[in-house]
Amino acid sequence: MKALDVARHFLFLARSFDGGDTISNLKMQKMLYYAQGWHLALTSKELFDDEIEAWQYGPVVKSVYDEFRKYGKNSIDFSELDSYKQSLSDETAEFLAFIFDETSRIPAWVLVERTHQHKPYIDNYSQIKTNIIPKNEIKAFFNEQILQRSDEVRKGLGL
């Protein structure tokens with residue numbers, strides 16, 4: 001699966017379930033990072049195959065950033081869903097609904113501040129060059145988070 005598929009599903013959820021504030025590209029990037037991290041930790045499988053990079057304002061999936069950059073700081077328009085056809089498995093759709101619920105109501109800048117405190121971001125961010133955040137580091141970080149929140153996460157995912 002591509003990260004853009006996940007991003008469009010988050011937009012679909014925002015439109016369908018009134019997810020609070022709309023989703024900017026900045027916020028979408030953090031939602032994708034959280035989705036990949038939780039999925040790696042819970043299933044030992046990547047949710048999407050795109051790499052996540054450490055940018056100034058936190059983790060970014062460049063292909064998704066480039067797709068939505070035309071919106072600048074504004075919300076991503078729901079017209080991006082005009083050709084979207086939901087084709088996710090029930091399990092993946094349920095997982096993404098959980099991640100959406102966990103992140104959509106949190107302001108983008110709060111998500112930026114939080115991700116700036118995550119070890120995978122800290123260890124890979126450089127002002128000089130863009131670095132990929134290795135998936136094994138993301139997985140290890142979120143495994144630690146699961147240990148701290150295991151009951152809450154497992155209940156939310158129906159495990």
Side-chain angles (χ1 to χ4, degrees), residues 1-116 118 120-121 125 130 132-135 138-139 141-142 145-146 149 152-159:
M1 179 182 321
K2 294 290 184 190
L4 187 57
D5 299 323
V6 175
R8 287 200 171 112
H9 192 73
F10 282 147
L11 283 175
F12 170 77
L13 292 172
R15 185 179 69 183
S16 301
F17 300 116
D18 188 26
D21 67 344
T22 54
I23 302 174
S24 65
N25 201 357
L26 180 67
K27 186 172 192 170
M28 180 66 76
Q29 298 304 322
K30 307 317 156 240
M31 294 172 74
L32 291 169
Y33 166 76
Y34 277 99
Q36 182 76 301
W38 284 119
H39 200 270
L40 284 165
L42 290 167
T43 69
S44 294
K45 297 176 187 170
E46 57 187 37
L47 177 62
F48 51 82
D49 54 0
D50 307 62
E51 298 291 352
I52 298 176
E53 300 177 354
W55 288 20
Q56 179 180 0
Y57 296 114
V60 169
V61 177
K62 186 176 183 326
S63 60
V64 176
Y65 174 84
D66 289 344
E67 181 73 19
F68 298 137
R69 77 182 315 164
K70 61 189 168 203
Y71 297 106
K73 294 179 181 179
N74 298 317
S75 299
I76 300 168
D77 195 280
F78 290 137
S79 66
E80 293 289 338
L81 296 172
D82 288 349
S83 63
Y84 175 74
K85 291 188 179 23
Q86 200 274 15
S87 60
L88 305 173
S89 69
D90 290 345
E91 183 179 319
T92 300
E94 185 177 321
F95 171 79
L96 292 178
F98 174 75
I99 297 300
F100 179 83
D101 189 53
E102 287 282 304
T103 58
S104 66
R105 288 179 173 78
I106 302 171
W109 287 104
V110 172
L111 292 173
V112 168
E113 290 171 11
R114 287 182 185 176
T115 59
H116 276 205
H118 291 187
Y121 176 79
Y125 175 68
T130 300
I132 291 172
I133 304 174
K135 289 178 183 157
I138 296 171
K139 179 182 177 186
F141 176 80
F142 280 89
Q145 299 303 302
I146 285 176
R149 297 179 55 192
E152 178 186 342
V153 170
R154 291 185 191 287
K155 281 182 185 176
L157 292 172
L159 301 175

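- Considering CD of Q36 and CD1 of I99, their distance stands at 10.5 Å, rounded to 0.5 Å.
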Q.
side-chain contact (heavy atoms from CB on, under 4.5 Å) for R114 and I106? Distances and angles first, verdict last.
A. CA-CA 11 Å; R114 287 182 185 176; I106 302 171; 3.2 Å; yes
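- Across all non-hydrogen atoms, the minimal contact from V61 to A3 is CG1-CB, 3.6 Å.
- For Y121, the side-chain hydrogen bond (donor to acceptor under 3.5 Å, both in side chains) test picks out H116, with sequence neighbours left out.
- Residues P120 and I133 share a closest heavy-atom pair of CB-CG2, 3.5 Å.
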Q. Taking it one step at a time, do W38 and F98 satisfy ring-ring contact (aromatic ring centres under 6.0 Å, His included)?
A. CA-CA 10 Å; W38 284 119; F98 174 75; 7.5 Å; no
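- Annotation: side chain of E80 is in contact with side chain of Y71 (closest heavy-atom distance under 4.5 Å).
- Proximity of S79 to D82: side-chain heavy atoms (C-beta onward) are separated by under 4.5 Å at one or more points.
- The shortest distance between side-chain heavy atoms of F100 and I23 falls below 4.5 Å.
- Counting heavy atoms from C-beta outward, M1 and T92 have side chains that approach closer than 4.5 Å.
- Checking side-chain atoms of N25 against main-chain N and O of Y65 turns up a donor-acceptor pair under 3.5 Å.
- Between R8 and E67 there is a salt bridge, since at least one side-chain N of the basic residue sits less than 4.0 Å from a carboxylate O of the acidic one.
- The OG1 atom of T130 sits 9.0 Å away from atom NZ of K62, with the distance rounded to the nearest 0.5 Å.
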Q: Apply the test side-chain contact (heavy atoms from CB on, under 4.5 Å) to residues F141 and L40: give CA-CA distance (whole Å), side-chain angles for both, the deciding distance (0.1 Å), then the verdict.
A: CA-CA 10 Å; F141 176 80; L40 284 165; over 6 Å; no
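- The CD1 atom of I52 lies 4.0 Å from the CD1 atom of I138; values are rounded to the nearest 0.5 Å.
- In Y57, the OH atom is not crowded: 12 or fewer heavy atoms of neighbouring residues, nucleotides or ligands sit closer than 6.0 Å.
- Here CG of L42 is found 11.0 Å from CG of L47. Values are rounded to the nearest 0.5 Å.
- No side-chain N or O of K73 forms a donor-acceptor pair with one of S24 less than 3.5 Å apart.
- Proximity of a side-chain donor or acceptor of K27 to a complementary backbone N or O of S104 within less than 3.5 Å is detected.
- Considering all non-hydrogen atoms of both residues, D50 and S63 come closest at OD2-OG, 2.9 Å.
- For A35 against F10, the heavy-atom pair with the smallest separation is CB-CZ, 4.0 Å.
- In this structure, the side chains of F78 and Y84 stay at 4.5 Å or more apart for every pair of heavy atoms.
- Listed here is the closest heavy atom pair of K135 and F48: NZ-O, 3.9 Å.
- Around CD of E91, the count of heavy atoms belonging to other residues, nucleotides or ligands within 6.0 Å does not exceed 12.
- H118 and Y34 have their aromatic ring centers within a separation under 6.0 angstrom.
- The environment of D49 atom CG is dense: over 12 non-hydrogen atoms of other residues, nucleotides or ligands sit within 6.0 angstrom.
- Of all non-hydrogen atoms in T115 and P59, the two that sit nearest each other are OG1-CD, 3.4 Å.
- Interatomic distance, L26 CG to L111 CG, rounded to the nearest 0.5 Å: 8.0 Å.
- In this structure, the separation between CD on E46 and NE2 on H39 is 9.5 Å, given to the nearest 0.5 Å.
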Q. Yes or no on side-chain contact (heavy atoms from CB on, under 4.5 Å) for M28 and L11, after CA distance, side-chain angles and deciding distance?
A. CA-CA 9 Å; M28 180 66 76; L11 283 175; 3.9 Å; yes
